[in-house]
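Presented below is the structure to which this report refers.
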Amino acid sequence: MNEQPVETASAEGGCDQAGAGRKSLPPRVSRWCAMLLDLSRRNRLLSFRDGPGAVRIAYPDPAAFEDAVAGGRALRIAGRPEAPAGSLPVDPTPEFLVRDAAAGRVWADPGAGDVRKRLLAISRAGRVDLEEGGARTIFVVLGVLKWRDGTGAKAPVYRAPLLLCPVDLAKLPGKEGFSLKRADEDAVSNATLLEMLRREHRIEVPGADPVPEDDHGADVAAVLEAYRKAVAPLDGWSVEPEIWLGRFSFGKFLMWRDLVERTDELAKSPVVAHLLAGGGAFDDGVGAVEPAETDSLTDANWPPCPVQADSSQLSAVLAAVRGRSFVLHGPPGTGKSQTITNLIACCMAAGKSVLFVAEKRAALDVVHRRLRKVGLSPFCLELHSNKAGKAEVLRQFQEALEYAGTHPPEEWDRTLADLRSARRGLDGYVRALHAASPCGLTPYAAFAYLISHGADEAAASGVGRFSALPFGDDGAYEGAARLAAALGEAAG
């Protein structure tokens, strides 16, 4: 993702819906779309070339290559085959490449330059994308569309990927090179290319999106043939059976498509409807909860906060359970992740579903670790990074199904009874600590005075009940205080 330019609408395409067969959009949505849709020739999904961010794989047939990696078997990527000593280097034959792929090894194209350096750069950048953004950006390109931007001999020629197959690229120990393995995700069509063809050339490619399937996964041959038929009338355009490994990002395009195709559905949310209309602060009609109100709104079993929380954090949790929309501010280290953990737990207890999103994967991991620590992992479905694969999602569903019924309701009742008993004891201690005696003092005020004047814990260990002090409500304490002050002055 770091290689991608800031996605803005090209001058040719803009964000209007002319020729796209879609209804017009509200002005604000059009402005948002203009910042998301990139149909310029800087977009690698429309124009990529041989360079540091890409490696061409030497293999004769994209469909057969996709079948070779469909089973999840790792393939080692090697550089140009070594020629026998004393002989000239030769290009590998198709038969040689197919035979080696069956043995678990594929070769980079002889013209790919420093293969190891390129693979290392792609691997490192892809790992950063996954860790920080939670999205895979390393794909194998299956088939390329060579297209001309204009007419005439001087019209520039570009290459656009047709099918993108997500893969994991890992460095092997020592100098063994790199391994390529199919990720547990489906191959996808280059939707940005399809949109460009639709807008600028009025070309539809039926059968390309969604990707058709065969016995081994994606039906690559059918997709390439669909593109050949679609671009056949265009002079100088062709579909090439090339295979490339590189980094590509199309998250912003998917956001653009959601805005264009699902505006009415998204506007059903009051928050989104307010954003579409604009103007003024958003008011959802749900009152805020002040920190001073939390004691009167909580009891022994509500809200069920699994981690510690103070009154300001409890007020945020209670407001969220009520359905209030708000922004939670706080500098680092003030307990925002703990508050989010409690907020999720309490909303779950109230029968609500919670979607937690973050710009950085680290923030997601912190909250998930806290939820897992308090026993809520079976209720969490991770859909970021390597947790988004089909097998991992199914495993999480299985964990949730197996967890159901393992803890009977009686266990929860016993836990609540223990919680109520502990809370009564703590509440009694707090009441006693702040109860005023006949002399007007509270234990809290007395202890605070002693500690602030250098006393240690032993100074308070022999203190008896304040009610035993010989001062009543007739002002004797105040009189004694005045006498003590006068005695101090006289002694001075």
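A quick note: this is a predicted structure, and the numbers were derived from the prediction, not measured.
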May I ask you to test the [X]-[Y] pair for a side-chain heavy-atom distance under 4.5 Å?
| X | Y | result |
| --- | --- | --- |
| Arg370 | Val366 | yes |
| Pro306 | Asn342 | yes |
| Ile57 | Trp244 | no |
| Phe248 | Leu164 | yes |
| Phe139 | Leu245 | no |
| Lys181 | Val69 | no |
| Val272 | Leu276 | yes |
| Leu162 | Leu224 | yes |

What's the shortest heavy-atom distance between [X] and [Y], and which atoms?
| X | Y | result |
| --- | --- | --- |
| Ile344 | Val354 | CG1-CG1, 3.9 Å |
| Phe282 | Pro270 | CE1-O, 3.6 Å |
| Val141 | Pro161 | CG1-CB, 3.4 Å |
| Ala218 | Val211 | CB-CG1, 3.7 Å |
| Leu45 | Ala160 | O-CB, 3.6 Å |
| Val157 | Lys146 | CG1-CE, 4.4 Å |

>> Using side-chain contact (heavy atoms from CB on, under 4.5 Å), reason through Leu371 and Ser377 one step at a time and then give a plain yes or no.
In response: CA-CA 6 Å; Leu371 292 170; Ser377 179; over 6 Å; no
>> Determine whether Val393 and Leu383 satisfy the following criterion, side-chain contact (heavy atoms from CB on, under 4.5 Å), listing intermediate values before the conclusion.
In response: CA-CA 8 Å; Val393 170; Leu383 291 175; 3.7 Å; yes
> Does the salt bridge (charged side-chain N to carboxylate O under 4.0 Å, His left out) test come out yes or no for Arg395 and Glu399, once each step is laid out?
Replying inline: CA-CA 6 Å; Arg395 186 202 64 77; Glu399 180 185 8; 3.6 Å; yes
> Yes or no on salt bridge (charged side-chain N to carboxylate O under 4.0 Å, His left out) for Asp129 and Arg136, after CA distance, side-chain angles and deciding distance?
Replying inline: CA-CA 7 Å; Asp129 293 339; Arg136 297 183 186 276; over 6 Å; no
Between [X] and [Y], is there a donor-acceptor pair closer than 3.5 Å when you use the side chain of the first and the backbone of the second?
| X | Y | value |
| --- | --- | --- |
| Ser47 | Arg44 | no |
| Asp184 | Ala391 | yes |
| Asp284 | Ser325 | yes |
| Glu66 | Val220 | no |
| His201 | Val231 | no |
| Arg324 | Val286 | yes |

Value rounded to 0.5 Å, distance of [atom1] in [X] from [atom2] in [Y]:
| X | Y | atom1 | atom2 | value |
| --- | --- | --- | --- | --- |
| Arg127 | Thr137 | CZ | OG1 | 11.5 Å |
| Lys268 | Arg262 | NZ | CZ | 9.5 Å |
| Leu343 | Lys352 | CG | NZ | 10.5 Å |
| Arg49 | Arg159 | CZ | CZ | 10.0 Å |
| Arg247 | Ser123 | CZ | OG | 10.5 Å |
| Phe65 | Leu75 | CZ | CG | 6.0 Å |

> What class does the angle between the rings of Trp147 and Tyr158 fall in, given that below 30° is parallel, 30 to 60° is tilted and above 60° is perpendicular?
Replying inline: tilted
Salt-bridge present ([X], [Y]; N to O < 4.0 Å):
| X | Y | result |
| --- | --- | --- |
| Asp149 | Arg41 | yes |
| Arg148 | Asp235 | no |
| Asp50 | Arg118 | yes |
| Arg257 | Glu195 | no |
| Asp365 | Arg361 | yes |

Whether over 12 other heavy atoms sit under 6.0 Å from [X] [atom1]:
| X | atom1 | answer |
| --- | --- | --- |
| Met348 | CE | yes |
| Gln308 | CD | no |
| Arg124 | CZ | no |

>> For Tyr403 together with Phe379, are the ring centres under 6.0 Å from each other?
In response: yes
> Run the side-chain contact (heavy atoms from CB on, under 4.5 Å) check on Asp214 and Asp67 step by step: do they pass?
Replying inline: CA-CA 10 Å; Asp214 57 18; Asp67 293 342; 4.2 Å; yes
> Will you find, in the side chains of Ser238 and Glu240, an N or O donor that is under 3.5 Å from an N or O acceptor?
Replying inline: yes
> Are Ser189 and Asp209 close enough, and set up right, to give a side-chain hydrogen bond (donor to acceptor under 3.5 Å, both in side chains), and what steps lead you there?
Replying inline: CA-CA 6 Å; Ser189 285; Asp209 189 23; 4.7 Å; no
> Are Thr339 and Leu314 close enough, and set up right, to give a side-chain contact (heavy atoms from CB on, under 4.5 Å), and what steps lead you there?
Replying inline: CA-CA 8 Å; Thr339 305; Leu314 278 176; over 6 Å; no
